[in-house]
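Please read the structure below before turning to the comments.
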Amino acid sequence: MDTNYGWVCLSALLIVVLLLVPGLWWNARAPAARRLPSAFVPVPGLLALAATGLLLWIVHPASSLMVTLLYGGATLLLALDLAWRWWRADRWRASFGDQGPGVFALWGAMIAMAMAVGLNPLPIAQESHLETVIPGRMVASPPDHLIPYITASYMFHGKNGIERSKEYFGEWSVAARGPLVPLATNALFSLFGATPRDTPNLERKPWPGTSDGAYLSRLLGWITNAMIVLGAGHLLLALGVKPASRPWVLGCLWVALAPAMLINTVFLWPKVLAGFFILLALAALLRSRWGVAAGCGVLAWLSHPVGLLFLPPLGLIALWTACDGAGSTREKASAAVRAGLTFGLVAAFLMTPWLAYKAWLGAHDMFMDYMLSDGRGLLRAASLWSWLGARWDNFWITLSPTTFYYSSNLHQWVDGPVSDPLRWTVQYAKTLPSGLGMSLFLFAYLALLRPSADPRIRRVLALIVLTFALMLLLLGFSRDGLGRNSLEPLVPLIIVLCAAQTKAGPAWMIGLAGIYLEGRWVEFTGFMLEKSFSWANVPLDAWVCWSISSLVGLALLSLGYVVLVRGTDLTARLGPAPA
């Protein structure tokens, strides 16, 4: 079978450039006070792609070529001006923002690991759509990874949301999930000359690149999900942690290596991207920037519906933060009203277009069925006690180490029995201790229980507790852990909370090394325990992919050793430009 890894890797680089150029250009020309923080640098590029995809969806097909040429030309001009400013004004370091260039290297490392897993030609055990152009890349996976690509293809062909909806989405609809990633993918189709079929053909073609654009959907998913490390570093700064310091390095490396982040960066649902915007929203609240927090919260919802669970707690934290910053009771009330109105009005304004479109479609919201279920698929709960029982089971399995493994869950999947070693692997996508990493989850739990006098830490904890409660009540239907329902955005929040409260000494390297090995277990068992696996038939490109993912992880561990064990100050290399 022919391969074209070179073109796919070049495409990944071009997508990263499309995301970064607008933000870098702005920071290279703006005064220090108006520069974007590091975590926001790729956001203008992502929003520009999504806006272009929306325009292409609306004007299809008459002006597609013109829009594509205008977008590509504008990006090229910005890139040329950026290069000129970097060369003449030496502004390259300042353009990377308040975390410096180091966090972008960590982002690149996460992208490389995700691509190494995603582009491996070997099948993973019981993955959805095995041996197609867009396989699931998760052990015993659901089919949700197809949704961004299918939705983008629907938009590419200019359908209005009603026509041929069942053919594309079954009982769901084009508006069932967030539009941000599909819209950006739609723009990439035109920019890269891809033409998805109507409806998409998932038959395996030359691996891994195809003319129908499936590889573009996969690349954008991996790249945007990996932005979570930028968000983690950003929230650490808002909690008073200095960039490139030991706690900052610990938090960012833990996020980059955590098993839940590896699994859900590679799997193409944008829940980790929603987590990225949630981290940005909370950091904005800690800095009393109510409108920015609301905007980021809405972007989390537009990435994936799981983001909606965070909006009410974020609004409450806005009121709490505003009250803490005021003096008298009257001042507290006035500050709370201003914060609440700003947060609420901005959120409502940004949510209204998509809500109006969903209302126009008139499609049944399947998530409502999940909220009323007791673990029997989409069936309504038999009684209040069965509804509560499902939530209790989910609570216990989500929080308890190894309980999922010893439970009755997932002994069978679509393609037959699931072996015990694979069930151990599956729990990394299902439960909180495994998602954090068995090697370090106890420290994270202790951080959740540790009292803190810092009001910023208390607000992070409040968001975690309030949102977890909402997850149990509204999406705790499955009786096998919240990991594949809604837990993904909470994992980086808990990691940041823990890292911000520790001195991060040499002993933490043992835990990071353990998490690295757990990630290798998750990756390698997925491939090696697939029923058709044979060492004699492993192709060269699979060996290369395994080597890349392992070596990149080792490079991250080496960084941890240099900072955490040897105590080397890398601020001059990894941190922001001098003031």
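Index from 1, following the sequence.
Rounding to the nearest 0.5 Å places SG of Cys252 at 11.0 Å from CG of Leu257.
Counting heavy atoms from C-beta outward, Arg484 and Lys430 have side chains that approach closer than 4.5 Å. With a 4.5 Å cut-off on side-chain heavy atoms, Leu130 and Pro135 do not count as touching. You'll find the side chain of Met138 reaches within 4.5 Å of the side chain of Trp269, heavy atoms only. The side-chain heavy atoms of Phe524 and Leu529, taken from C-beta on, include no pair separated by under 4.5 Å. Using a 4.5 Å heavy-atom threshold, the side chains of Glu127 and His145 count as separate. Side-chain contact between Leu302 and Phe277: absent, with no pair of heavy atoms (C-beta onward) separated by less than 4.5 Å. Counting heavy atoms from C-beta on, the side chains of Ile124 and Glu530 never come closer than 4.5 Å. Here the side chains of Thr568 and Val563 are not in contact, with every heavy-atom distance at 4.5 Å or above.
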Next on the checklist: I'd like to know whether Phe96 forms a side chain to side chain contact (heavy atoms under 4.5 Å, CB included) with Asn27, so could you lay out the CA-CA distance, the side-chain angles of the two residues, the decisive distance to 0.1 Å, and finally the verdict.
Outcome noted: CA-CA 7 Å; Phe96 284 101; Asn27 280 358; over 6 Å; no
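In the model, Ser549 has a side-chain atom that pairs as donor or acceptor with a side-chain atom of Glu523 under 3.5 Å. Inspection of the Ser478 and Asn485 side chains reveals an N or O donor paired with an N or O acceptor under 3.5 Å. Side-chain contact annotation: Thr431 with Ser434, donor-acceptor N/O pair under 3.5 Å present. Between the side chains of Gln126 and Ser141, no donor-acceptor pair is found at a separation under 3.5 Å. At a cut-off of 3.5 Å, with distance as the only test, a side-chain donor of Thr525 or Thr425 sits close to an acceptor on the other residue. A side-chain N or O of Tyr168 and one of Asp198 form a donor-acceptor pair less than 3.5 Å apart. Residues Trp7 and Tyr215 have side chains that bring a donor and an acceptor to within less than 3.5 angstrom of each other.
Aromatic ring centroids of Trp508 and Phe443 lie under 6.0 Å apart.
The local environment of OH in Tyr406 is sparse, with at most 12 non-hydrogen atoms from other residues, nucleotides or ligands closer than 6.0 Å. Within a 6.0 Å sphere centred on CD1 of Ile510, heavy atoms belonging to other residues, nucleotides or ligands number 12 at most. Within 6.0 Å of atom CZ in Arg93, more than 12 heavy atoms from other residues, nucleotides or ligands are found, so the atom counts as buried in its surroundings.
The cationic atom of Arg566 (NZ for Lys, CZ for Arg) does not lie both less than 6.0 Å from the six-membered ring centre of Tyr561 and within 45° of the ring axis. At least one cation-pi condition fails for Arg137 and Phe267: the charged atom is not both under 6.0 angstrom from the six-membered ring centre and inside a 45 degree cone around its axis.
Using bins of under 30°, 30° to 60° and over 60° for the plane-to-plane angle, the ring pair Phe189/Phe156 lands in the perpendicular bin. Relative ring orientation between Phe533 and Trp546 is described as tilted, the plane-to-plane angle lying within the 30° to 60° band.
In this structure, Gly23 and Leu36 approach most closely via the heavy-atom pair CA-CD1, 4.0 Å.
Asp415 is linked by a salt bridge (charged side-chain N to carboxylate O under 4.0 Å, His left out) to Lys531, counting only residues two or more places apart in sequence or in another chain.
Between the side chain of His304 and the backbone N or O of Val306 there is at least one donor-acceptor pair closer than 3.5 Å. Between the side chain of Gln99 and the main chain of Leu230, a donor-acceptor pair closer than 3.5 Å is present.
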